[in-house]
Visitor: 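Below is one structure. I have some questions about it.
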Amino acid sequence: MKWLSYKLWKERNSLKPSCAFKLSLWKKLDKTWQETHIQCNFWYQNRVFKYSMVSLVILAVVASSGVGAYAYNSPEVTEGTKLYPIKRAIEKVEEKTKKTPEAKAKFYLKQIQRREVEKDKLEKKSKRQVQLQQLEEKINKTEEQLEKVNTDLVTSSLKDQVKQRLEKRKIKV
Amino acid sequence: MNRKKEFGKFYNDNIDKLYRFVFFRVGKDKELAEDLVSEIFMKALNSFDNYDKNISVSAWLFTIAKNHLANYWRDKKEEMSLPEVVEEDGEDGLGLDDVWFKVAVEKHNKDSEKASVYDILTKLDTVDKEIVTFHYLYGYSYLEIAEMIGKSETAIKVTAHRAIKKLKKLL
């Protein structure tokens with residue numbers, strides 16, 4: 001019986017496909033696999049492009065946040081300067097985040113102060129009459145908004161601040 | 001392991017066994033066997049992503065091979081004449097696979113002096129011969145044969161053992 005098993009085993013080993021055939025078939029299959037399993041068909045799906053774009057976006061965000069922070073905080077950024085639109089845009093977003101009358105009042109008070117600082121800066125430069133006028137208008141507008149939220153205020157200290165501010169306005173008028 | 005590596009392993013594990021199986025099914029025609037094996041692997045590659053992992057890879061590939069060979073013979077039926085053995089044994093209920101195995105054996109007998117091995121196998125009945133051939137000649141494990149045929153591994157082992165015993169008596 002061992003003789004038969006041995007003969008069959010020997011026969012089995014002699015019936016192997018040639019190495020050349022196996023290799024050429026594998027190459028053919030490999031090529032077909034690559035053609036049917038392509039993942040990066042387009043240039044924008046390329047890994048290098050993706051990484052470079054992510055880096056660029058991160059850089060842009062970092063850079064713009066620095067510029068934005070400067071534009072928002074600096075009193076030097078006044079009406080007519082290049083960064084002023086950024087400052088206004090940030091303020092608008094900030095305004096939308098204030099939901100309660102208290103928060104709104106605080107925000108308007110802060111905004112009035114900022115406009116006044118800008119006004120001082122412009123007055124020092126004593127050139128831009130039009131811009132000064134525009135600033136004055138903005139202050140008036142914000143004061144009107146402050147007057148509207150005044151009735152809903154509960155916090156006493158904030159009420160006092162708003163009251164002072166509004167009295168100052170009446171004197172001006 | 002990624003899919004390509006899996007396919008590479010699948011290829012290396014099955015190429016020899018599949019080649020032997022096809023080689024005997026095409027009457028030991030080496031070139032034809034190589035062409036058919038290439039086509040079978042190409043089919044396997046195309047459906048490798050959809051392959052059901054619950055069934056064994058050998059059984060899956062064997063099904064593809066069997067279907068491919070059936071299609072091949074169907075397409076070639078009109079072009080080429082079937083071997084004389086078919087005409088002789090067709091009425092006995094022998095399947096085409098069996099007929100082609102017989103043709104391969106006859107061809108081998110003419111080609112080589114090692115005919116005695118195949119002569120012995122032809123003495124077994126179809127099922128026994130199939131199991132012995134698959135295990136000893138093609139190189140499939142008992143488990144793989146069991147999955148292909150849809151029987152338990154133990155049943156295959158028992159059948160193979162009995163077939164070998166039968167051969168012992170015949171010798």
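For the numbers below, each heavy atom of this structure counts, side chains included, while hydrogens, waters and symmetry mates do not. Order of the sequence lines sets the chain letters (A, B, ...), proteins ahead of strands, with each chain counted from 1.
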Visitor: Heavy-atom distance under 4.5 Å to chain A: side chain of Asp49(B), backbone, both or neither?
Guide: side chain
Visitor: Is there a side-chain hydrogen bond (donor to acceptor under 3.5 Å, both in side chains) between Tyr72(B) and Glu39(B)? Walk through the geometry before answering.
Guide: CA-CA 11 Å; Tyr72(B) 173 78; Glu39(B) 287 164 14; over 6 Å; no
Visitor: Side chains of Glu34(B) and Tyr19(B): do they bring a donor and an acceptor to under 3.5 Å?
Guide: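 Distance-only check fails for Glu34(B) and Tyr19(B).
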Visitor: Could you grab the distance from atom CZ of Phe48(B) to atom CH2 of Trp60(B), nearest 0.5 Å is fine?
Guide: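 The distance works out to 6.0 Å.
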Visitor: Which bit of Tyr11(B) is near chain A, if near means a heavy-atom gap under 4.5 Å: side chain, backbone, both or neither?
Guide: side chain
Visitor: Please confirm whether the ring centroid of Phe62(B) lies under 6.0 Å from the ring centroid of Phe134(B).
Guide: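 Distance test on ring centres: under 6.0 Å, yes.
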Visitor: If you tally heavy-atom pairs under 4.5 Å against chain A, which of Val37(B), Asn12(B), Asp16(B) wins?
Guide: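 Counting heavy-atom pairs under 4.5 Å, the top option is Asp16(B).
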